[in-house]
Number of protein chains: 2
Amino acid sequence: MRIGELATRAGVSVRSLRYYEEQGLLISTRSPSGQRHYTDGEVERVQLIQRLYAAGLSSRTIAEVLPCVDSPSERNSDEAFERLVQERDRISRHIDELLRARDALDRVVDVNRAHRAQLTPR
Amino acid sequence: MRIGELATRAGVSVRSLRYYEEQGLLISTRSPSGQRHYTDGEVERVQLIQRLYAAGLSSRTIAEVLPCVDSPSERNSDEAFERLVQERDRISRHIDELLRARDALDRVVDVNRAHRAQLTPR
DNA sequence: CTAAGACCTGACATTGACGTCAGAGGCAAG
DNA sequence: CTTGCCTCTGACGTCAATGTCAGGTCTTAG
């Protein structure tokens, strides 16, 4: 498929796909005229990339860990694997942070609800 | 206390504190010469602000919900309260997203560990 | 009084993942 | 062959929180 279809199916912009390729996250085969072509499998790869971006990984970091995804059967560099584990842990810490933030907001919500119920009984 | 001490105690930069004030998140009393002065209570306010930033709220959004924090006893505008709840839900969705991302990385980690164990037995 | 260090305002710089535009070529349908 | 849509490269724009620098004032220890 060409870039527009991949963009639609993966739910990202064409611009983003070109950017991913520029960052070494995505590879395309080129038609004689230079147009990018992709296989069906790239859809989920793009979705994984999006998920990692959403989890706060940078392009550079994603590029660093993708080898472990692409060829787990080969022994990838220790740095790549270590980075992978490290990012997993960073995400865990981020989740904890978000849970605390949510708790803080929950308390604010509760207090406000209480006052609202009081001010507008029924 | 002056701005430097607040910065140290809250763990942020002086620049950030001035920015928070510019965004209407923080108020300071000024000495005759124009220097900012804060009370001890501002320390936790700054920490809350930091926590909300870390949870992905923008300055504008934080400014929007802070009234509910400052005076839950008054009936704040419905928009403010609604925004509060809305952000809480956004954080919940973000947490779910991070959990999925972590699961994905966990699977990659496991597969890689398996191959590593195999390649370097013991 | 004086020097060091904290503070002031204002302004420009940074970073990263895109948006957007320009100018040119590719491709299928009529 | 033309019309319309997709794609190409390259480049500049954006946004938000913060860093950083300049030039000047304030405060405080000695």
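Below, chains carry the letters A, B, ... as their sequence lines are ordered, and counting in each starts from 1. Only this structure's heavy atoms are used, side chains among them; waters, hydrogens and symmetry mates stay out. Quick caveat: nothing in here was measured; it's all calculated off a predicted structure.
The salt bridge (Lys or Arg N to Asp or Glu O under 4.0 Å) contacts involving residues 19-29 of chain B comprise B:Glu21-B:Arg30, B:Glu21-B:Arg36, where partners must be two or more places apart or lie in separate chains.
Distance check, rounded to the nearest 0.5 Å: CD1 of A:Ile62 to CD of A:Glu87 gives 9.0 Å.
Looking at heavy atoms from C-beta onward, B:Met1 lies in side-chain contact with B:Arg9 at the 4.5 angstrom threshold. Using a 4.5 Å heavy-atom threshold, the side chains of B:Tyr20 and B:Gln50 count as touching.
Surrounding CD1 of A:Ile27 are at most 12 heavy atoms belonging to other residues, nucleotides or ligands under 6.0 Å away. Within a 6.0 Å radius of CD in B:Gln86, more than 12 heavy atoms belonging to other residues, nucleotides or ligands are found.
Partner of A:Leu6 under the side-chain contact (heavy atoms from CB on, under 4.5 Å) criterion, out of A:Val46, A:Val12, A:Asp40: A:Val46 alone.
Contacts between chain B and DNA chain D, taken as any atom within less than 4.0 angstrom of a protein heavy atom, begin and end at D:dA17 to D:dT27.
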| When every nucleotide of nucleotides 8-17 of chain C is labelled 5' to 3' by its protein contacts under 4.0 Å (heavy atoms), B for base, S for sugar-phosphate only, - for none, what sequence of letters results? | BB-B-----B
